[in-house]
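Notes to accompany the following structure.
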Amino acid sequence: MIGGLGDRLSSLVDKIKGAPVIDEKLVKEVVRDVQRALLEADVDVQLVLDLSKRIEKRALEEEPPAGVPKRDYLLRIVYEELVELLGGEETEELDVDPSRDVNVIMLVGLYGMGKTTTAAKLARYLQRRGFKVGLVCADPYRPAADEQLRQLAEEVGAPVHTEDTDDAVEMAVKGVEALKDECDVIIIDTAGRDRLSEDLIEELKEMAEKVEPHEVLLVLDATVGQKAGDHAEAFHEAVPLTGVILTKLDTAAKGGGALSAVARTGAPIKFIGTGERLDDLEEFNPKSFVARLLGIGDIDELLRRTEEMLEEEEEGEEDVLEGEFTLKDLYEQLEALSKMGPVDKLLQLVPGMGAGRRAKELSKITEERLKKYKVIMDSMTEEELKNPEILNKSRIRRIAIGSGTSEKDVIELLNHYKMMKEVLEDIQSGRIPRIGGELGRVIRNVLRG
Ligand SMILES: Nc1nc2c(ncn2[C@@H]2O[C@H](COP(=O)(O)OP(=O)(O)OP(=O)(O)O)[C@@H](O)[C@H]2O)c(=O)[nH]1
Ligand SMILES: [Mg+2]
């Protein structure tokens with residue numbers, strides 16, 4: 001993705017990992033490689049210079065925390081500075097709330113940026129999260145705009161509203177009116193122009209006043225490179241944006257330029273489009289994006305951090321082990337954990353978990369199983385999720401039938417739940433030592449509920 005940036009950066013990681021010593025010469029070489037990679041990806045020269053200066057200064061001056069090898073610390077510095085370049089640690093989630101009557105999202109942007117395609121992609125993304133999504137065409141200008149949206153809506157299986165008028169605002173208002181009862185989220189595909197003209201600004205402002213959107217997302221083609229920054233700024237001045245979706249990153253050699261320029265404006269990049277298919281939409285998160293660019297899996301990441309964590313005792317985490325540990329928690333936490341890497345590998349990092357029956361059994365929790373567990377849990381009542389003890393034979397049978405799985409599957413889930421609970425108790429009683437830091441937190445979250 002985004003040209004050779006990933007290739008260049010991951011060979012840099014190999015260089016750091018393979019260097020016989022981490023000295024000034026290597027640091028300078030690394031800095032030069034980072035510069036070259038970023039400039040090639042069209043990142044602004046000044047941004048690149050600032051970043052490389054910071055990397056060099058930090059690498060030469062900062063002392064790694066006790067127990068952390070210099071090598072790992074250098075990697076960490078490169079990683080942190082790249083994350084900063086692409087928007088920092090904080091990420092903003094899409095503001096959709098199931099308790100609202102309806103959530104309204106406006107997609108805005110110039111001609112050909114990918115609004116209509118992205119509307120359908122976003123619909124699918126939200127459907128997968130359990131929302132009922134409707135699409136509204138608010139583009140009276142582009143020939144057959146309604147037909148294009150209709151076809152895409154059909155593909156994702158979403159209701160669509162089109163209104164036969166040449167007034168974009170009216171199209172949006174009537175569309176929301178028509179779909180709001182049957183939908184949780186309504187996505188409005190607005191009309192573009194060839195530039196940010198007065199009439200477009202007026203149209204979008206008036207529309208926003210009338211439909212009161214929770215999100216106004218600018219859809220921007222990443223192939224424009226650094227110009228994406230000014231573009232985002234100008235739009236934001238005209239209509240307050242809640243975020244940006246950068247499209248066509250799959251084809252954008254200048255993607256690094258677009259990402260860093262938009263990040264600099266402070267507008268959160270919420271999604272990236274990575275292809276023409278309707279599945280090609282990803283949540284954008286600078287941390288995991290950079291980890292991917294560097295080719296360091298989150299496992300590496302965690303392993304590296306473990307070392308420093310062992311040193312430091314985090315404060316304020318004493319009570320996290322307390323409280324009810326329910327099945328629901330198990331699912332949520334396992335899901336969070338599995339995003340960081342294979343569950344079994346992670347659990348092996350916990351002292352006392354590496355071998356034996358429990359580790360063997362828990363290593364069976366693959367992504368596939370997690371999906372199955374979710375389906376099973378969807379067939380349970382709130383009460384059952386909270387008090388799995390009440391699950392007797394007949395309840396288990398009912399759940400298996402309801403979820404289209406087998407009784408064996410349900411029992412397996414319950415066994416895994418019990419096992420995690422045991423581990424929790426072991427940690428509480430001190431039979432398994434506490435571990436600190438990020439990994440410790442994740443593991444404790446898994447175990448706490
Ligand atoms: N490769 C790639 N192509 C994309 C992506 N997103 C959109 N496209 C393509 O970009 C072209 C324009 O997309 P549209 O969704 O029609 O753009 P639009 O902003 O609605 O265009 P107008 O309504 O004419 O203003 C289409 O051919 C899409 O398939 C992406 O992430 N990657
Ligand atoms: Mg369109």
Side-chain angles (χ1 to χ4, degrees), residues 93-103 123-134 157-159 179-186 214 283 317-340 343 346-347 358 361-362 364-428 441-449:
E93 296 208 349
L94 199 65
D95 179 22
V96 283
D97 180 350
S99 69
R100 283 184 196 135
D101 284 345
V102 69
N103 296 273
R124 174 166 286 175
Y125 167 91
L126 287 162
Q127 284 170 335
R128 296 217 163 119
R129 276 149 193 83
F131 292 97
K132 181 111 194 347
V133 187
L179 293 175
K180 75 175 194 298
D181 290 336
E182 62 169 315
C183 296
D184 310 313
V185 184
I186 294 174
H214 302 92
E283 286 170 28
E317 287 200 51
E318 290 311 310
D319 328 312
V320 289
L321 288 174
E322 279 155 31
E324 282 280 291
F325 176 63
T326 68
L327 264 173
K328 225 174 173 167
D329 301 320
L330 171 70
Y331 175 74
E332 278 166 14
Q333 301 301 342
L334 281 178
E335 200 187 31
L337 190 61
S338 71
K339 284 198 185 124
M340 307 200 142
V343 175
L346 283 162
L347 289 173
R358 286 199 306 220
E361 193 52 39
L362 288 171
K364 290 185 190 159
I365 308 179
T366 55
E367 209 169 302
E368 227 167 276
R369 298 258 172 138
L370 276 182
K371 276 192 199 130
K372 196 180 254 183
Y373 288 174
K374 170 134 180 26
V375 178
I376 294 174
M377 290 188 210
D378 284 342
S379 289
M380 293 187 187
T381 64
E382 266 316 292
E383 202 197 347
E384 286 164 349
L385 286 171
K386 277 200 194 124
N387 307 306
E389 296 74 28
I390 65 173
L391 287 169
N392 55 21
K393 247 188 148 167
S394 73
R395 280 180 191 257
I396 289 174
R397 191 174 316 125
R398 189 210 80 229
I399 292 165
I401 293 169
S403 58
T405 59
S406 69
E407 290 173 39
K408 202 169 135 253
D409 291 326
V410 181
I411 290 167
E412 181 193 88
L413 163 63
L414 290 175
N415 281 336
H416 283 157
Y417 160 72
K418 274 188 207 130
M419 226 172 273
M420 293 300 275
K421 218 174 158 171
E422 264 174 46
V423 177
L424 168 73
E425 282 158 9
D426 277 1
I427 289 185
Q428 272 170 335
R441 190 160 67 238
V442 172
I443 301 283
R444 281 195 295 284
N445 276 339
V446 170
L447 299 173
R448 86 176 163 182

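We use all heavy atoms of the structure for the numbers below, so side chains are in, but hydrogens, waters and symmetry mates are not.
- Taking CD of Glu93 as the start and CG of Asp95 as the end, the distance is 10.0 Å to the nearest 0.5 Å.
- The side chain to side chain contact (heavy atoms under 4.5 Å, CB included) check on Gln127 picks up Arg124, Val133, Val156, Ala158, with sequence neighbours excluded.
- Applying the salt bridge (Lys or Arg N to Asp or Glu O under 4.0 Å) rule to Asp409 yields the partners Lys372; only residues at least two apart in sequence or on another chain are considered.
- In terms of the side chain to side chain contact (heavy atoms under 4.5 Å, CB included) criterion, Asp101 has no residue partners (sequence neighbours excluded).
- A side chain to side chain contact (heavy atoms under 4.5 Å, CB included) with Val185 holds for exactly one of Leu94, Val102, Leu126; it is Leu126.
- Taking every heavy atom of both residues into account, Cys183 and Pro159 meet most closely at SG-CG, 3.9 Å.
- Separating the OG atom in Ser403 from the CE atom in Met380 is a distance of 8.0 Å, to the nearest 0.5 Å.
- With a 4.5 Å cut-off on side-chain heavy atoms, Pro388 and Lys418 do not count as touching.
- The structure places CZ of Arg395 at 6.0 Å from CD of Glu383, a figure rounded to the nearest 0.5 Å.
- Between the CZ atom of Arg397 and the CD1 atom of Ile401 there is a distance of 7.0 Å, given to the nearest 0.5 Å.
- One finds the CG atom of Leu413 at 13.5 Å from the NZ atom of Lys408 (value rounded to the nearest 0.5 Å).
- Proximity of a side-chain donor or acceptor of Asn103 to a complementary backbone N or O of Asp97 within less than 3.5 Å is detected.
- Between atom NZ of residue Lys132 and atom CD1 of residue Ile186 there is a gap of 10.5 Å, rounded to the nearest 0.5 Å.
- Remark: Arg129 is positioned above the aromatic ring of Tyr125, its terminal NZ or CZ atom under 6.0 angstrom from the ring centre and at most 45 degrees off the axis.
- Looking at Ile399 and Leu391, their side chains come closer than 4.5 Å, going by heavy atoms from C-beta outward.
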